[in-house]
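Comments concern the structure below.
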2 protein chains.
Amino acid sequence: MRADAERSRRRILDAARDVFLERGLDAPLDLIVRRAGVGPATLYRRYADREALVRDLTGDLLSRLEAAAHQAAREEGDAYAAVRRFVHAAAGLRMGAVIPVLLERLVVDQELIESRTRTSGALDDLIRAAHESGRLRPEVGAGDLILLSIRLSRPLPGGLSRLDTDGTLLHRHLDLALDGLTTQAAPAPAPAPGEPLTFADLVAAADRPNTTD
Amino acid sequence: MRADAERSRRRILDAARDVFLERGLDAPLDLIVRRAGVGPATLYRRYADREALVRDLTGDLLSRLEAAAHQAAREEGDAYAAVRRFVHAAAGLRMGAVIPVLLERLVVDQELIESRTRTSGALDDLIRAAHESGRLRPEVGAGDLILLSIRLSRPLPGGLSRLDTDGTLLHRHLDLALDGLTTQAAPAPAPAPGEPLTFADLVAAADRPNTTD
DNA sequence: GTGAAGCGGAGAGCTTTTCTCCGCCTACGG
DNA sequence: CCGTAGGCGGAGAAAAGCTCTCCGCTTCAC
């Protein structure tokens with residue numbers, strides 16, 4: 001692949017992630033093209049249709065996510081610290097855009113399934129160790145952590161997005177959510193209601209056929 | 001106002017809130033009409049343009065928010081419990097939709113400013129009392145709490161929204177975020193970085209002219 | 001029962017989005 | 001350093017989607 005082609009691919013993928021985050025998966029491809037600073041033909045030449053683009057983006061983000069999980073495990077001695085670091089890293093990647101995998105919209109091929117399984121496995125290892133260390137609440141599952149990072153990393157609506165152009169606020173709020181908002185003087189928190197939400201729960205929910213009218 | 005007209009208004013406002021949450025303020029009015037189950041003429045007859053609709057919706061939500069703050073103060077003895085209850089109530093209202101107020105898009109009239117001031121005041125009282133009781137971290141401001149409830153109450157992207165059709169998951173995650181994810185065996189959390197974010201910060205950020213290209 | 005107000009649906013006109021053709025430019029092997 | 005294959009951007013035709021109104025029927029209030 002020629003160097004300029006690879007450069008264009010990178011720019012398109014990055015722009016696509018941001019635009020999809022802000023406007024949803026139905027956002028006009030034209031917006032992506034403009035944000036990427038390339039001509040429309042450049043996008044349409046590489047990707048036959050919207051789905052091809054979403055698939056490429058998804059694979060890209062999944063593998064980055066897997067790398068983040070491994071890196072967290074490798075570089076943090078403490079299991080809970082590793083989970084924390086992973087959540088921060090996932091949010092930094094703007095994970096929210098990765099959810100297309102989980103979406104009925106995408107016909108999930110073998111390659112994507114494998115990537116998803118690897119990522120999920122790496123994350124489960126992290127969580128299990130943290131549970132065993134006794135510092136992560138038992139009622140918190142991988143799905144809870146992923147949802148937390150999706151929710152906190154999505155751009156804020158409208159003008160509020162200007163509050164956090166560089167991600168400082170994102171990490172502040174992640175810290176707060178992870179630490180809890182109460183001081184230590186507060187009584188021990190009651191167990192959160194419900195069962196732990198797993199990665200598999202997310203997949204199951206998203207795999208069901210779309211029932212939109 | 002005739003009873004059927006009031007019914008239509010309610011259906012349109014509820015649908016508008018949901019559609020704006022999912023698709024942003026530029027969402028086609030046609031979608032709102034369809035979700036509300038009314039004819040297009042019904043919307044256009046009542047609201048001359050998009051702004052009129054946004055204004056009516058904003059006023060509606062702001063006053064409900066103010067009522068929630070007062071109710072929390074009145075019905076909860078403990079100051080921290082009142083804050084907690086308010087955050088849950090705000091998220092339940094899908095506060096995220098209220099941000100149009102804060103948006104440059106809306107010419108904010110006197111009535112809206114007063115409503116905003118009253119709401120902000122009621123919330124500040126709640127927070128101040130909670131700070132004084134020593135159970136709310138001093139580095140947490142009203143803006144942090146509002147942002148938390150905005151972020152957690154926005155609909156999840158794509159198929160993930162099916163995870164939480166009834167709001168159970170929303171309140172679970174709010175509880176987790178409020179409690180923190182660590183057990184009491186963990187060392188006392190480090191202070192979160194940054195200054196407390198206030199309601200005024202949100203207003204200031206949103207009031208600046210829009211610089212979208 | 002009756003008049004006034006409200007309602008839904010069909011569709012004309014306009015805007016936005018998709019996607020292609022084509023002439024110019026850039027990377028890379030010799 | 002040059003030739004050429006592959007890549008690039010822009011203009012614009014065709015398609016899709018959105019806005020908004022007209023009008024005949026229904027519902028409400030008295």
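The sequence lines fix the lettering, A, B, ..., with proteins before strands; numbering per chain opens at 1.
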Please give, in whole Å, the distance from dG9(D) P to Arg46(A) CZ? 11 Å
Given atom CD1 of Ile32(B) and atom P of dC18(D), what is their separation to the nearest angstrom? 12 Å
Residue pairs involving residues 85-101 of chain B (criterion side-chain hydrogen bond (donor to acceptor under 3.5 Å, both in side chains); sequence neighbours excluded): Glu75(B)-Arg85(B), Glu76(B)-Arg85(B), His88(B)-His171(B), His88(B)-Asp175(B)
Taken to the nearest whole Å, CZ/Arg7(A) to C1'/dC8(D) is 11 Å
Please check: side-chain N/O of Asp30(B) versus main-chain N/O of Val33(B), any donor-acceptor pairing under 3.5 Å? no
Look only at the side chain of Arg50(A) and the backbone of Leu25(A), and say whether a donor-acceptor pair between them is shorter than 3.5 Å. yes
Could you give the CD-to-P distance, from Glu6(A) to dG6(D), as a whole number of Å? 18 Å
State, to 0.1 Å, how close Arg35(A) and Ala15(A) come at their nearest heavy-atom pair, and which atoms those are. CG-CB, 3.7 Å
From CG of Asp4(A) across to C1' of dG9(D) the rounded distance in Å is 13 Å
Show your reasoning for whether side-chain contact (heavy atoms from CB on, under 4.5 Å) applies to Leu123(B) and Glu66(B). CA-CA 8 Å; Leu123(B) 179 52; Glu66(B) 186 193 352; over 6 Å; no
B/S/- along nucleotides 18-25 of chain C (protein heavy atoms under 4.0 Å) is SBBB----
Keeping the roles fixed (side chain from Asp125(B), backbone from Ala122(B)), state whether a donor-acceptor pair exists under 3.5 Å. no
Atom CZ of Arg34(A) to atom C1' of dT17(C): distance rounded to whole Å? 10 Å
Could you summarise the pairing of DNA chain C as dot-bracket text, marking Watson-Crick and G-U pairs under 3.5 Å with ( ) or [ ] inside the strand and | across strands? ||||||||||||||||||||||||||||||
Results of side-chain hydrogen bond (donor to acceptor under 3.5 Å, both in side chains) for Arg46(B) - residues two or more places apart only: none
What's the shortest heavy-atom distance between Ala91(A) and Leu174(A), and which atoms? CB-CD1, 3.6 Å
Would one find a side-chain N or O of Ser8(A) under 4.0 angstrom from OP1 or OP2 of dC8(D)? yes
Ordered by number, residues from residues 9-24 of chain B within less than 4.0 Å of DNA chain C (heavy atoms) are none
Val38(A) side-chain proximity, nearest of dC28(D), dG9(D), dG8(C): dG9(D)
Sorted by chain and number, sequence neighbours left out, salt bridge (charged side-chain N to carboxylate O under 4.0 Å, His left out) with Arg154(A) holds for none
Would a distance-only check, ignoring hydrogens and angles, find a side-chain to backbone donor-acceptor pair under 3.5 Å from Ser153(A) to Ser149(A)? yes
Compare every heavy atom of Ala68(B) with every heavy atom of Phe86(B), then report the nearest pair and how far apart it is. CD1-C, 4.1 Å
